[in-house]
Amino acid sequence: MVTISVCVGSSCHLKGAYDIIRVCEEMIERLGLKDKVELKGTFCLGQCTEEGVTVVIEGETLHGVSAENFEKVFAEKVLQKLTEENRGNN
Amino acid sequence: MNELFVEFAYAQIPKWGEELCGDSVSYDRTRDFTIFSWSDGLGSGVKANILSTLTSRIIVSMLRKNSPLEEVIETLVETLPVCKVRKIAYSTFSVVQVASNGEAYVAEFDNPPIFWVRNNRVMHLERHKHEVGKKVVLDFNMRLQKNDWIVGITDGVVHAGIGGLWNLGWRWEKIASFLESTVNEHMDAKTLAQKIIDTTRKLYQDHVGDDATCVVAKIRLPRRLLLWAGPPEDPAQDERIVERVMTFPGKKVVSGGTTGNILARVLKKEIRVDLNSLAQDVPPVGMLEGVDLLTEGILTLAAVLKRLRKLQSGEETIRGQDGASRLLRLLLEADEIVIIGGRAINPAHQNPKLSGELSLKARILEEISEELQRRGKMVTLEYY
Ligand code: FES
């Protein structure tokens, strides 16, 4: 199970958190990862001064996330973690 | 905190063929009491309307300024012009003043007697004759309690159907039994007033013979709401405010991520964001045990203000599950609202898009409270 928390505070909302959540939901659906990935929202993480939206994936805080680069972030972070998890299981 | 609240509404219909109703209703509320007055200007149309408007407004505004009721009525009765032909005052009136402990004073001048409904019975009232100049005003004191109703009507209702469906019109006694079988605890004041006027129209078979007005006051407990929107300047105050919020006797709403986090920290609870409430223009709401609603701050409040401004009075059902709709719905349901604003500078808000955020938020809160006051809500705005 991988947990993704997207900040939906005031700043991050203005910087596109809504679109990221939409893209993320759509990807989870498309890749059939409903039981493997948990998508959550959080209020301001105190990182508003950073670029882009703040997203936390399995405890790792990422800045500069946007709807455009989200697919890449998802592939790098989430899919990678899932593969690791799988290996661990076997 | 055992104060009573007067939910007030009225409905009216002008005489057939007239555009203006010759009856007028005025209403005002202060921290200590609610006053309402209705008046029937002799005749119909513009002249009647002007006279009755003057009458009901004078009463309410003089009372509001704390002039003793005696004096108000004397001034009024002496000032009202007497019709040369008919030798009577142009305008009738009734006035009801209810203090927050339920003590009420009623004065009536030439209007049909009010109805006092308790436990589905119209109660008997002992009226005192009170001579002011050559005019006779009836007045009395009463002690109202929760679930009591005061219903006032003008002549047009009493006479509904006269010579047509009913030989003698609807008549006071029949209206009393109508009230006894119609009123119930779950009905609101507006619905009852409208029912009386709808029935009036039916009895007249749509040819309304006289201006008809029904005013209704429902006595109930106030619906209170506290909105905490911003952390205090001095963090040492955090716990005190949390305590204030959590012990508040009514709905509790928190607006602002940081403010919500303070609450969660002090209560040792966790905030969960409800992604189902996601909307394009308003960030989603959070869920926190013990509070009725937790929203994001500035964007949600700005959306609430924008919608509040656009809202027509009367059109008060808000749909929508986003944070702004939910907050607006709770605000409109409440009678008494306490807003706690915070003066803390949010270090996270160095974002140029949100610069000037603090003064902006204070302004939005002020404008929200003005809008709510315009809708008859009792609003207190405090800063820490
Ligand atoms: S709003 Fe996202 S970090 Fe502040």
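Protein chains get the first letters and strands the later ones, always in sequence-line order, with residue 1 at the start of each.
Taken from OG1 in T42(A) to CD in E270(B), the straight-line distance is 10.5 Å, to the nearest 0.5 Å. Of the inter-residue distances, the one linking K361(B) atom NZ with S10(A) atom OG reads 7.0 Å to the nearest 0.5 angstrom.
No part of L45(A) comes within reach of chain B, as not one of its non-hydrogen atoms sits under 4.5 angstrom from that chain. Neither the backbone nor the side chain of D274(B) has a heavy atom closer than 4.5 Å to any heavy atom of chain A.
The side-chain contact (heavy atoms from CB on, under 4.5 Å) test with F43(A) singles out one residue from T295(B), L294(B), T259(B), T258(B), and that residue is L294(B).
Options L278(B), I271(B), N261(B) differ in how many heavy-atom pairs under 4.5 Å they form with chain A, and the most are formed by L278(B). Of the listed residues (G260(B), A279(B), G297(B)), the greatest number of heavy-atom pairs within a distance under 4.5 Å of chain A belongs to A279(B).
When all heavy atoms of Q280(B) and H13(A) are compared, the closest pair comes out as O-NE2, 3.2 Å.
Under a cut-off of 6.0 angstrom, the local environment of NZ in K81(A) is crowded, with over 12 non-hydrogen atoms contributed by other residues, nucleotides or ligands. Environment of CD in E51(A): sparse, with no more than 12 heavy atoms of neighbouring residues, nucleotides or ligands closer than 6.0 Å. Enclosure of atom CZ in R220(B) by more than 12 non-hydrogen atoms of other residues, nucleotides or ligands within 6.0 angstrom is indicated. Other residues, nucleotides and ligands contribute at most 12 non-hydrogen atoms within 6.0 Å of the NZ atom of K146(B). Annotation for E333(B): atom CD counts as buried by contact number, over 12 foreign heavy atoms lying within 6.0 Å.
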